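For reference, the structure is listed below as C-alpha cells.
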Amino acid sequence: MTLPRDDRRSFLRKAFLAASAASVAASAPRAFAQMSAEGDPAILNLPAHTKGLGQPVAARPYGLPSKYEENLQRRESPGLTRVGAAGVSFAPLQGFFGIITPSGLHFERHHQGWWDIDPAQHRFMINGLVKNPKVYTMDDLMRMPSVSRMHFIECGANTGMEWGNVAVPTVQYTHGMLSCCEFTGVPLKWLLDDCGIDLKKAKFVLAEGADGSSMTRTINLANALDDVMVAYGMNGEMLRPENGYPLRLVVPGVQGVSWVKYLRRIEVGDMPYAAKDETLHYVDLMPDGQHRQYTSIQELKSVITSPSGGQVLLDKGFFNVTGIAWSGRGKIRKVDVSVDGGKNWRTARLETPLLDKCLTRFNIDWTWDGKDAILQSRATDSTGHIQPSSMDLRKVRGTRSIYHNNAVQSWLVSANGEVSNVQVA
Ligand SMILES: Nc1nc2c(c(=O)[nH]1)N[C@H]1C(S)=C(S)[C@@H](COP(=O)(O)O)O[C@H]1N2
Ligand SMILES: [Mo]
C-alpha cells in the first residue's frame with residue numbers, strides 16, 4: 001500500500017494503532033476505526049467544499065482523475081533503454097482495484113512508436129486462401145454484428161527480468177506489462193466466413209500491422225476460428241492510439257505480441273509464416289541450447305499487488321492482502337497465499353466475475369506480527385495447472401529465457417515495514 005503514507009490510507013494506520021493498544025482476543029471483532037469526534041478537526045470543522053459552490057458540469061468535457069492521484073502513472077523501466085520510438089511503459093498494478101485497467105493506464109509496447117491513424121483512411125484486408133479477398137473500411141466493420149468480452153493482455157516478456165534474478169523493485173516493473181479490458185469488435189471467424197475461407201487448405205493466418213515495425217504474427221486457425229476478435233472498442237470507447245486505434249487484433253490467452261495493433265491485413269495460409277518476431281524474437285532459449293518457437297500461450301500466473309515491492313507497512317496489525325491471477329488456458333479456480341515463504345498456504349477469496357482468459361482479483365486477511373515475512377501467491381487454473389515456483393520453473397527452462405516467466409512472485413516484508421522483491425529457494 002503506497003501505503004498508509006498517503007492520506008487515502010491513513011485511516012488504516014489509525015486502525016492499526018487501535019488494534020495494538022487494546023488487548024483484545026484474536027477472535028474479537030477487529031476495530032477498523034478509532035477516531036472519536038473529539039479532537040479531530042477534519043471531522044469537527046466544516047471544510048470549504050461544504051460551504052462554497054463546486055465546479056459546474058462540463059468544466060471537463062472529458063473527465064480526468066483527481067489531482068491527488070497524479071502519482072499513479074505508466075512508467076518506463078529505468079533498466080530498459082528506449083531505442084528510437086520503440087519502448088515499453090508499465091502499468092501501475094499496485095494502484096489498481098478489481099480487474100479492469102483504466103484505458104489511460106494500459107501498458108504500452110511499441111516496436112516502432114505509436115500513431116493516431118485517421119479511421120476514415122484506415123483499411124483492413126483479408127486475402128490468401130479465401131474465395132473472395134476483401135477490403136473493409138472502419139464503417140464496414142462497425143456496422144457488422146459485434147461482441148464485447150473482457151480479457152487480459154500480457155507481453156510475453158512480462159516478468160522477464162526475474163529469469164536473471166534481477167530483482168526490479170516494484171510490481172509495476174515485475175508484472176506491469178499486463179492489462180485487462182473489455183474489448184468490442186467483430187469475431188475474426190465471421191470476417192473469414194464473409195470472405196469464404198478455404199477450410200480444406202487453411203491452417204494458419206498471418207496478422208499484419210500498419211505501423212513501421214513490420215509487425216506480423218502467425219496465428220493458429222483453431223484460435224482464429226475460436227475467440228480471436230478484430231476489435232475497435234476498449235472499455236466502452238474507441239481504442240486509444242497507443243493501443244492500436246482504430247483497429248487491433250485481440251487474441252485471448254496468447255502473448256501480447258500477437259495482438260497486432262493498427263491491424264491492416266489478415267492473410268490465410270497453410271503454414272506458419274516464420275516472421276522476424278517469431279524467429280529472431282519471441283523464442284525461448286532452453287538449457288540444452290535449442291530455441292522453443294511459437295510458445296504463444298500465457299500460462300497460469302498470479303501476483304500480490306499490495307503489499308508489494310517499494311511499499312512500506314507503517315505498523316503491524318491487520319492488512320488486506322490483494323492481487324490478481326490469470327491463465328491463458330481458461331479460468332482461475334483457486335489462489336493460495338503464503339506469508340512464510342511457501343511453508344504454509346491459505347486459500348484466498350476470489351472476487352467475481354470469474355471469466356475465461358481474464359484477470360481474477362483475490363483478497364485475503366493477514367495480521368502482520370511485525371517480523372520478517374515472505375508473501376507469495378500461487379494460482380490453480382481450470383485445467384488443473386498449478387503455478388510453478390521460480391526454482392521449479394528454472395529446472396525445466398534454465399535461466400537464459402526472456403519470455404514466459406510465470407513463476408510464483410515473492411515479496412519480503414522486513415521488520416522495518418519495507419517490502420522488497422526477493423527470490424526464495
Ligand atoms: N502494429 C503493432 N502491433 C503490436 C506491437 C507493435 O509494436 N506494433 N507490439 C506488440 C507487443 S510486443 C505487445 S506486448 C502488444 C502491446 O499492446 P499495448 O501497447 O496495447 O499494451 O502489442 C503488440 N502489437
Ligand atoms: Mo510484447
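Every heavy atom of this structure was used, including side-chain atoms; hydrogens, water molecules and symmetry mates were not. Please read these numbers as outputs of a predicted model, since none were measured by experiment. Residue indices begin at 1 and follow the sequence shown. Counting convention: from 1, in listed order, for ligands and their atoms alike.
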Side chains of I99 and P353 in contact at under 4.5 Å (non-hydrogen atoms): yes
Nearest-contact summary for atom 15 (C) of ligand 1 - protein heavy atom, Å: G256 O, 3.4 Å
Ligand 1 contacted by G244 (non-hydrogen, < 4.0 Å): no
Identity and separation of the nearest protein heavy atom to atom 8 (N) of ligand 1: D211 OD2, 2.8 Å
Shortest protein contact, atom 24 (N) of ligand 1 (heavy atom only): W259 O, 3.1 Å
H111 and Y282 aromatic ring geometry - parallel, tilted or perpendicular at 30°/60° bounds: tilted
Test side-chain hydrogen bond (donor to acceptor under 3.5 Å, both in side chains) applied to E162 and N405, T399, N421, the passing residue: N421
SB check K301 E299 (cutoff 4.0 Å): no
Closest to atom 11 (C) of ligand 1 among V257, L239, V251, L263 (heavy-atom distance): V257
Sub-4.5 Å side-chain heavy-atom contact between Q298 and F152: yes
I153 to ligand 1, any heavy atom closer than 4.0 Å: yes
V260: numbered ligand 1 atoms lying under 4.0 Å from its heavy atoms: 3 (N), 24 (N)
Nearest option to atom 22 (O) of ligand 1, as decided by whichever heavy atom of R248, H281, M215 sits closest: R248
H404 side-chain N/O to T295 backbone N/O, donor-acceptor pair under 3.5 Å: yes
Exam field: side chain T322 to backbone F362, donor-acceptor pair closer than 3.5 Å: yes
Taking atom 3 (N) of ligand 1 as the reference point, the nearest protein heavy atom with its distance: K261 N, 2.9 Å
Min N/O separation N243 to ligand 1 under 3.5 Å: yes
